[in-house]
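Just below is one structure, and these are the notes that go with it.
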There are 2 protein chains.
Amino acid sequence: MADGPDARARLTAAAGRSFAERGFSATTTRDIAARAGMSPAAVYVHHSSKEELLFLISRDGHDAALRVVTAAAASSEDPGQQLWATVREFALWHAVHHSVARVVQYEGCALSREHRALIASRRRAIEQVLRDVIEFGVQRGDFHCDDVPGTTMAILSLVVDVARWYRDGGPRTPDQIADLYAELALRMVGHQPRTTR
Amino acid sequence: MADGPDARARLTAAAGRSFAERGFSATTTRDIAARAGMSPAAVYVHHSSKEELLFLISRDGHDAALRVVTAAAASSEDPGQQLWATVREFALWHAVHHSVARVVQYEGCALSREHRALIASRRRAIEQVLRDVIEFGVQRGDFHCDDVPGTTMAILSLVVDVARWYRDGGPRTPDQIADLYAELALRMVGHQPRTTR
DNA sequence: GTCTATAAGATGATAGAC
DNA sequence: GTCTATCATCTTATAGAC
């Protein structure tokens, strides 16, 4: 009968928000502790270092994003629908979880060597999902795109950058952004549907 | 008969590289001084603070980027050519000057309130150049794009993100990236040329 | 598991000699 | 204008009481 998140989860949440707002290096363990309603020393009861907090946030964020794009890519047999859903869900995730997404996309360089390697494999997996969708559409003749790796990278760029500029209360809702970006991705791959949309 | 950059310029160059590699907060004044071949104290003979170095790099970088896109947008009477040139030159600038571009795009939150305001007006000017090109193309009937502000933002995103992932010695040259991104931007705005390209 | 107190070192910036 | 030396403060992380 827990009436709130436990201390460990409160600390990762507090660290995530702080890292997103100011960056890993500009965040102090005192910031994190204060935000979680604890003393600075309490941080180290639950986590071995500030860098470990960054790793946990980054790892769980990547895992969540990978689940989202994997499910979206498998949601249809049609390449256009697959790309539309994948980009839509990925962009939506970046907008809704913009705080975690910022840490995921921009604070990776503060990770230790070992942790960075663990994160890198997850990043490759996410990229692979998108690349496979685009490759499939090109092979099927639904997409017309000369440079699949380059276009994959460009669409990833488009979505990732949402984490940089998105603000709560901005002029667009996450759903509107997701819809727009999914349509733009279809244009980028030269989507020619067999039936009129 | 100068045989190298003066101390002041050496310091901004050293600071720019350090900020790009590790971020503003993770860079120490000792890092900057060592990179410029000076003692930590020498930094303060030429600059009043670490934040001032960030501001100078950010301001000059924004000014350079604004000049590049302004010239590109004015390089033709044809909307498609204008957009192609603007995105091409903007992407090229981000790849070639990726170190400065990283600072420009990702370290703005470390600026003082006053400095941030000075930078914000330059950012709006850059965005306006791109938006005007797209608006012009839509009015002319060369572009088919329902959401001009959204598409403007998306194309900016695409280009800005080059600063995040670009590495010297990567699989693509800056020119190849620029060509690809210019074509993708034309697809994003629904460019329908009057004469076959 | 939480706290207060503090160790050990790093950091931005300055003083003053040359 | 550059240096060595240093100040005052902040930072990560730990020690030990409760």
Side-chain angles (χ1 to χ4, degrees), chain A residues 1-59 103 107-116, chain B residues 1-59 103 107-116:
Chain A
M1 287 227 298
D3 60 338
D6 65 10
R8 192 178 156 87
R10 277 214 318 282
L11 282 165
T12 51
R17 298 264 282 276
S18 297
F19 294 162
E21 285 173 14
R22 326 194 201 183
F24 176 79
S25 293
T27 298
T28 70
T29 53
R30 283 166 176 76
D31 293 335
I32 297 167
R35 203 158 197 162
M38 297 178 207
S39 73
V43 174
Y44 294 91
V45 173
H46 303 279
H47 298 283
S48 66
S49 69
K50 191 174 83 156
E51 191 272 343
E52 193 203 69
L53 279 162
L54 175 63
F55 171 65
L56 293 175
I57 295 160
S58 189
R59 186 197 59 184
V103 179
E107 301 299 328
C109 60
L111 289 166
S112 72
R113 197 190 241 300
E114 294 77 14
H115 285 162
R116 192 157 48 239
Chain B
M1 283 225 301
D3 61 337
D6 65 10
R8 193 178 156 88
R10 278 213 319 281
L11 283 166
T12 52
R17 297 265 283 276
S18 297
F19 294 162
E21 284 172 15
R22 324 194 202 184
F24 176 79
S25 293
T27 298
T28 70
T29 53
R30 285 164 178 77
D31 293 335
I32 297 166
R35 202 158 196 162
M38 298 178 207
S39 74
V43 173
Y44 295 90
V45 173
H46 302 280
H47 299 282
S48 66
S49 69
K50 192 173 83 156
E51 190 271 346
E52 193 203 71
L53 278 162
L54 175 62
F55 170 65
L56 293 175
I57 294 159
S58 189
R59 185 197 61 184
V103 178
E107 302 298 328
C109 60
L111 290 167
S112 72
R113 197 189 240 302
E114 294 78 15
H115 285 160
R116 193 158 45 239

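A note on names: the letters A, B, ... follow the listed sequences, proteins ahead of strands, and every chain is numbered from 1. Owing to the predicted nature of the structure, the values given are computational and were not obtained by experimental measurement. FYI, side chains are in, hydrogens and waters are out, and symmetry mates aren't considered; it's all heavy atoms of this structure.
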Please report the distance, rounded to the nearest Å, between CG in A/Asp6 and P in C/dG1.
9 Å

Main-chain N/O of B/Ser18 paired with B/Thr27 side-chain donor or acceptor, under 3.5 Å
yes

Scoring nucleotides 8-14 of chain C by protein non-hydrogen atoms under 4.0 Å (B base, S sugar-phosphate only, - none) yields ---BBBB

With A/Leu54, which of A/Arg59, A/His115, A/Glu107 fulfils side-chain contact (heavy atoms from CB on, under 4.5 Å)?
A/Glu107

Per the salt bridge (charged side-chain N to carboxylate O under 4.0 Å, His left out) rule, what does the pair list look like for residues 37-54 of chain B, sequence neighbours excluded?
none

Salt bridge (charged side-chain N to carboxylate O under 4.0 Å, His left out) pairs, two or more places apart, involving residues 15-24 of chain B:
B/Glu21-B/Arg35, B/Arg22-B/Asp31

Pair A/Thr12, A/His47 - check side-chain contact (heavy atoms from CB on, under 4.5 Å), show working.
CA-CA 9 Å; A/Thr12 51; A/His47 298 283; 3.8 Å; yes

List the residues meeting side-chain contact (heavy atoms from CB on, under 4.5 Å) with B/Ala36, not counting sequence neighbours, and say none if there are none.
B/Arg10, B/Leu11, B/Ala14, B/Met38

Could you pull out all residues at least two apart from B/Ala20 that satisfy side-chain contact (heavy atoms from CB on, under 4.5 Å)?
B/Ser99, B/Arg102, B/Val103

Phosphate contact (D/dA13 OP1 or OP2) by A/His47 side-chain N/O below 4.0 Å:
no

For residues 7-21 of chain A, which residues have at least one heavy atom under 4.0 Å from DNA chain D?
none

For B/Leu111 versus B/Arg116, what's the shortest heavy-atom pair and its separation?
O-NH1, 2.8 Å

